[in-house]
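Structure first, then comments.
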Amino acid sequence: MYWSKLYAPTLKESPSDADIKSAELLIRGGFIRKSASGVFSYLPLGTRVLQKITQIVREEMNIAGAQELLMPIMQPAEIWKTTGRWDDYGPEMMKFRDRNDREFTLGPTHEEMITTLVKDELRSYKQLPVNLYQINTKYRDEIRPRFGLLRGREFIMKDAYSFHTSPESLDQTYKDMYNAYSRICDRMNMKYVAVEADTGTIGGSNSHEFTAFAESGESDILVCEKCGYSATQEKAECSDDQKSADEPLKTLTLVETPNVRTVDELAKFLKIEKDKIVKSMVFTGKNGYVMALIRGDLEINIPKLKSYLGDQTLRFATAEEVFEKFSSQIGYIGPIGVKAVRIVSDNSVKNLKNYVVGGLKNEYHYINVNHERDYKINEYTDIRIVVDGDKCPKCGSPLKLKKGIEVGQVFKLGTKYSEKLSATYVDSDGSEKYYVMGCYGWGVSRTMAAVVEQFHDEKGIIWPKAIAPFEVVVTIVNTAMQDQVRVGHEIHEMLEKHEIEVLLDDRDVSAGFKFKDADLIGIPLRITCGKSLENGDIELKLRNSDKSSKIKIEDRDSVLRSVKTLLENYKL
RNA sequence: CGGGGCGUAGCGCAGAGGUAGCGCACCUGUCUUGGGCACAGGGGGUCGCUGGUUCAACUCCAGUCGCCCCGACCA
């Protein structure tokens with residue numbers, strides 16, 4: 001490919017709305033252009049990268065036994081109404097009507113579509129298991145699109161759905177997909193971790209997220225470097241660091257605490273540590289109010305509480321709701337004297353003694369509180385947010401909090417969707433049974449940005465070889481020098497003949513311009529045809545190294561060998 | 001959805017009640033070519049849109065659309 005013919009408009013300056021390094025470099029490098037908030041075009045370079053990622057994903061899916069198909073992006077509302085997600089999925093769904101006023105969505109995902117598609121014809125246990133996938137554009141009307149390709153409203157995703165007769169069969173496919181995802185990451189040299197994840201609104205029993213480490217990432221994950229335990233913040237557990245005092249129970253006392261509402265204020269006012277306070281938070285959900293208790297120095301993890309209560313609709317009660325129910329302001333809520341409200345306590349409260357809680361009366365708190373004696377806690381569970389330094393639930397070493405970008409997620413769905421969509425097969429005993437399902441998503445366009453987040457320097461992108469738009473760029477330093485031009489073309493032709501993807505920079509611009517561009521778009525190997533040709537040498541330089549080596553041009557075999565060796569050993 | 005900011009040339013930005021500017025990019029020519037050359041000449045704008053105030057609006061006012069930031073939220 002000749003650079004002079006390539007449509008790759010590079011920019012010297014950073015676009016004003018680029019809010020993250022990958023977006024800046026992909027735009028500057030001429031890979032993508034924004035067309036609306038969270039919507040991008042892929043230019044030729046971006047398309048090449050995308051195709052390479054796609055191909056890797058496709059190959060690994062096929063190896064894992066999945067079959068590719070293609071479903072419509074435009075989906076009828078009806079199937080979404082059947083599962084209830086037309087409303088539950090909420091305003092994130094892109095919805096529209098056709099000329100006959102029929103409702104449609106631009107699909108954010110395809111569980112309804114695939115289940116509806118297969119249920120009439122996947123009738124017998126003999127046909128199962130089946131794993132089907134597509135690589136397709138998805139739409140989500142994000143509240144706030146940002147970070148370039150990382151949080152777009154239109155993005156490309158690989159989604160696979162598997163159908164089984166048993167949880168054991170699902171386990172096998174889940175494992176296969178998990179392994180395929182690991183290989184996808186490995187092939188791109190991505191630094192990643194597979195973490196235990198919450199299943200959220202998609203439901204199901206079991207899930208792992210594949211997260212690429214990146215400071216700019218939006219996922220918080222906790223990792224134990226000792227034993228390998230890792231989980232998302234929504235899901236992470238830690239071993240109890242229960243603070244139990246071996247002290248006699250003191251007398252419960254109601255004390256006046258004027259204008260003191262928060263744990264911080266209370267600790268200061270009473271001159272005590274925050275871990276001698278128990279916070280009471282009021283939530284409301286489909287089964288009414290719930291009071292959650294946790295030690296004052298910790299925070300409640302709402303996804304964990306949702307998951308424990310089996311209620312995804314759970315939310316904080318408003319100040320008005322709390323006042324109406326408890327006749328007390330939020331800052332003075334406490335468990336003593338509360339009636340007919342479910343109380344759920346974090347494990348951290350279990351062994352506390354003589355602590356402080358809200359007085360359930362404005363401007364008052366109780367001190368020297370002891371559960372069992374002063375009120376009852378019926379349910380203990382883990383609802384705390386795990387933070388950096390908490391102890392690993394498996395081995396007790398300190399956990400590290402890291403940031404990452406979620407590139408893939410695997411779910412065991414069970415029969416949630418098959419039940420709602422009446423999707424059944426006939427089992428060997430002749431009875432109708434619901435499919436046991438799994439689903440497996442991989443963010444293809446997001447991967448492109450995640451890789452750039454991991455691999456770049458101040459000069460530009462440093463692509464891993466597996467997804468670089470070209471493997472080699474041949475730079476003709478001075479197009480006025482016949483030798484340089486001739487040798488450049490010869491090398492270009494030779495490499496193309498050997499199926500190495502090579503870009504020939506034959507543009508009549510200054511040398512510096514060409515070097516800067518080559519670094520910006522991040523081609524792994526640069527071959528420079530310049531001054532050293534006077535001695536019969538060309539120069540080979542890897543993008544991730546400052547060193548270049550010279551090699552005699554006459555010996556074409558050795559040039560080819562060197563290029564191949566350098567590329568093979570190219571590691572980031 | 002709450003709070004805030006910005007829309008002026010392809011990109012990045014300045015300016016200002018009296019007929020629109022800079023850098024980069026683009027075109028022509030000369031020159032140059034080892035890290036985004038140099039010089040000379042040139043083209044390009046209904047100042048986001050709609051309405052209002054005014055002799056006069058790109059500038060002031062109102063509305064609207066778009067974009068961005070913080071927060072809430074997030075298979």
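Convention: sequence-line order gives letters A, B, ...; per-chain numbering from 1.
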Fill in: Between P of B:C73 and CG of A:Leu314, the distance in whole Å
12 Å
Fill in: Strand-adjacent residues in residues 535-549 of chain A, judged by heavy atoms under 4.0 Å from RNA chain B
A:Glu539
Worksheet item: Between B:C74 and A:Lys306, is there an OP1 or OP2 to side-chain N/O distance shorter than 4.0 Å?
Response: yes
Worksheet item: A:Thr479 side chain: which of B:U33, B:C68, B:G36 is closest?
Response: B:U33
Practice prompt. Quickly work out the A:Asp17 CG to B:G12 P distance and round it to whole Å.
Written response: 7 Å
Worksheet item: Taking the same atom, P, in B:G15 and in B:G21, what whole-Å distance lies between them?
Response: 15 Å
Worksheet item: Mind checking the C1' distance from B:G44 to B:C22? Whole angstroms is fine.
Response: 15 Å
Worksheet item: What is the distance from CG of A:Asn478 to P of B:G35, rounded to the nearest Å?
Response: 12 Å
Worksheet item: Counting any heavy atom closer than 4.0 Å, what does A:Asp508 reach on the DNA or RNA strands: base, sugar-phosphate only, or nothing?
Response: base
Practice prompt. Using a 3.5 Å limit on both pairing distances, list the dot-bracket string of RNA chain B from the 5' end; Watson-Crick and G-U wobble pairs count, crossing pairs take [ ], interstrand pairs take |.
Written response: ((((((((.[[[[.)..(..]]]].(((((.......))))).....[[[[[..)....]]]]])))))))....
Discussion item. Nearest to the side chain of A:Arg146, heavy atoms from C-beta on, is which of B:A72, B:C11, B:G34?
Written reply: B:A72
Worksheet item: Under 4.5 Å between any side-chain heavy atoms of A:Met61 and A:Tyr181, yes or no?
Response: yes
Worksheet entry | Span that lies between the C1' atom of B:G51 and that of B:G41, in whole angstrom | 43 Å
Worksheet item: Can you tell me how far C1' in B:C70 sits from the matching atom in B:C27, rounded to whole Å?
Response: 44 Å
Item to complete: To the nearest Å, give me how far apart CD (A:Glu142) and P (B:C67) are.
Response: 15 Å
Worksheet item: Given atom NZ of A:Lys12 and atom P of B:C13, what is their separation to the nearest angstrom?
Response: 15 Å
Item to complete: Apply side chain to side chain contact (heavy atoms under 4.5 Å, CB included) to A:Arg384 and A:Ile300, showing your working.
Response: CA-CA 5 Å; A:Arg384 71 190 274 183; A:Ile300 289 184; over 6 Å; no
Item to complete: May I ask you to list the residues of residues 33-46 of chain A, by number, that have any heavy atom positioned under 4.0 Å from an atom of RNA chain B?
Response: A:Lys34, A:Ala36, A:Ser37
Discussion item. Of the options B:C69, B:G34, B:G36, whose atoms approach the side-chain atoms of A:Lys516 most closely?
Written reply: B:G36
Discussion item. When you measure from the side-chain N and O atoms of A:Ser14 to the phosphate of B:G12, is any distance below 4.0 Å, counting only OP1 and OP2?
Written reply: no
Fill in: Between B:C73 (P) and A:Glu234 (CD): distance, integer Å
11 Å
Practice prompt. Test for a donor-acceptor pair under 3.5 Å between the base of B:G35 and the side chain of A:Asp519, counting only N and O atoms.
Written response: yes
Item to complete: Please work out if A:Ser16 contacts a base, only the sugar-phosphate, or nothing of the nucleic acid, heavy-atom cut-off 4.0 Å.
Response: sugar-phosphate
Practice prompt. Taking atom C1' in both B:G23 and B:U8, compute the distance separating them and give it to the nearest angstrom.
Written response: 15 Å
Fill in: Whole angstrom value for the distance that separates C1' of B:G2 from CD1 of A:Ile143
12 Å
Practice prompt. Please determine, for the side chain of A:Arg144, which listed nucleotide (B:A72, B:C37, B:G34) has the closest atom?
Written response: B:A72
Discussion item. What's A:Met157 touching, base or sugar-phosphate or nothing? Going by heavy atoms closer than 4.0 Å.
Written reply: base
Discussion item. So A:Arg507, base contact, sugar-phosphate only, or nothing? Heavy-atom distance under 4.0 Å.
Written reply: nothing
